[in-house]
Amino acid sequence: MAWIRGLLAIALVVTSVLLQLTVLPLLHLPGAVPNVVTVTVIAIGFCTGGIRGAIVGFAAGMLLDLAPPSIATLGITALVLVLAGFIAGWFGQDQDRPWWLLAGFSSLVCAGTVLVGTIVGGIVGDPHITWSRVPQILVSELVYGAILGLVVFPVVRWLWGYVAPPTVR
């Protein structure tokens, strides 16, 4: 049954990467492109725990870093999503959190990933870091993260419960 959960995680990550790189930029939404990959990693980390969330975050981050048209320094997105997946797994230890708290958590983590990624990129000397756009991107990620959290969390939770039913104690 573990391989089915692995396949589900791969399918969710690949689907979110494809959505983020191909469909969402065509919508021309204000601010930044909604970060579906981060919200998916958060949702998987929330369902599976910190270690698996970090592993999925690393895989998703490397996939984003390697997928064209990536211009970022290799590994920054992976590092940021490892942290996001681990924090989500730690926060998700209590599965009975209300929906508004999940949306707020998703919103804050999405904005935090932008901020941490910008700081790390500035430290390692990424030439594509523009600090002037950071406030606008943070505001848009706060809004998009909350909206996506309301949509993605229930879907991932339902799918994960379907392939990994709770054990009887």
Count I, L, V, M, F, W, Y as connected when their side-chain heavy atoms are under 4.5 Å apart, and connections chain through other members. Are [X] and [Y] then in the same cluster?
X	Y	result
Trp160	Val151	no
Val139	Val109	no
Val143	Leu108	no
Trp131	Ile76	no
Leu81	Val14	yes

With side chains defined as the heavy atoms from C-beta onward, is the minimum distance between Leu21 and Val33 less than 4.5 Å?
no
State, yes or no, whether a side-chain contact exists between Leu8 and Ile4 at a heavy-atom distance under 4.5 Å.
no
Has Phe105 got more than 12 heavy atoms of other residues, nucleotides or ligands less than 6.0 Å from its CZ?
yes
Considering residues, nucleotides and ligands other than Leu7, do more than 12 of their heavy atoms fall under 6.0 Å from its CG?
yes
Determine the minimum heavy-atom distance between [X] and [Y], stating which atoms define it.
X	Y	answer
Ser140	Pro30	CB-O, 4.1 Å
Val37	Gln20	N-OE1, 3.0 Å
Pro34	Leu29	CG-CD1, 3.6 Å
Val56	Ala9	CG2-CB, 4.2 Å
Val13	Ala60	CG1-CB, 3.6 Å
Thr48	Gly53	OG1-N, 3.7 Å

Under the criterion side-chain contact (heavy atoms from CB on, under 4.5 Å), which of Val36, Val156, Thr38, Val41 is the partner of Ser16?
Val36
Of Val80, Leu83, Thr77, the one forming a side-chain contact (heavy atoms from CB on, under 4.5 Å) with Thr113 is Val80
Inter-residue atom distance [X].[atom1] - [Y].[atom2], 0.5 Å rounding:
X	Y	atom1	atom2	result
Tyr144	Leu24	OH	CG	9.5 Å
Leu18	Leu63	CG	CG	8.0 Å
Leu79	Asp65	CG	CG	10.0 Å
Ile44	Phe153	CD1	CZ	10.5 Å
Leu148	Glu141	CG	CD	8.5 Å

Hey, does the side chain of [X] reach the backbone of [Y] with a donor-acceptor pair shorter than 3.5 angstrom?
X	Y	value
Ser106	Leu102	no
Asn35	Cys110	no
Ser107	Ala103	no

Ring pair (Phe, Tyr, Trp, His ring centres under 6.0 Å), that's the test. Do Trp90 and Phe86 meet it? Break it down for me.
CA-CA 6 Å; Trp90 175 73; Phe86 183 76; 8.3 Å; no
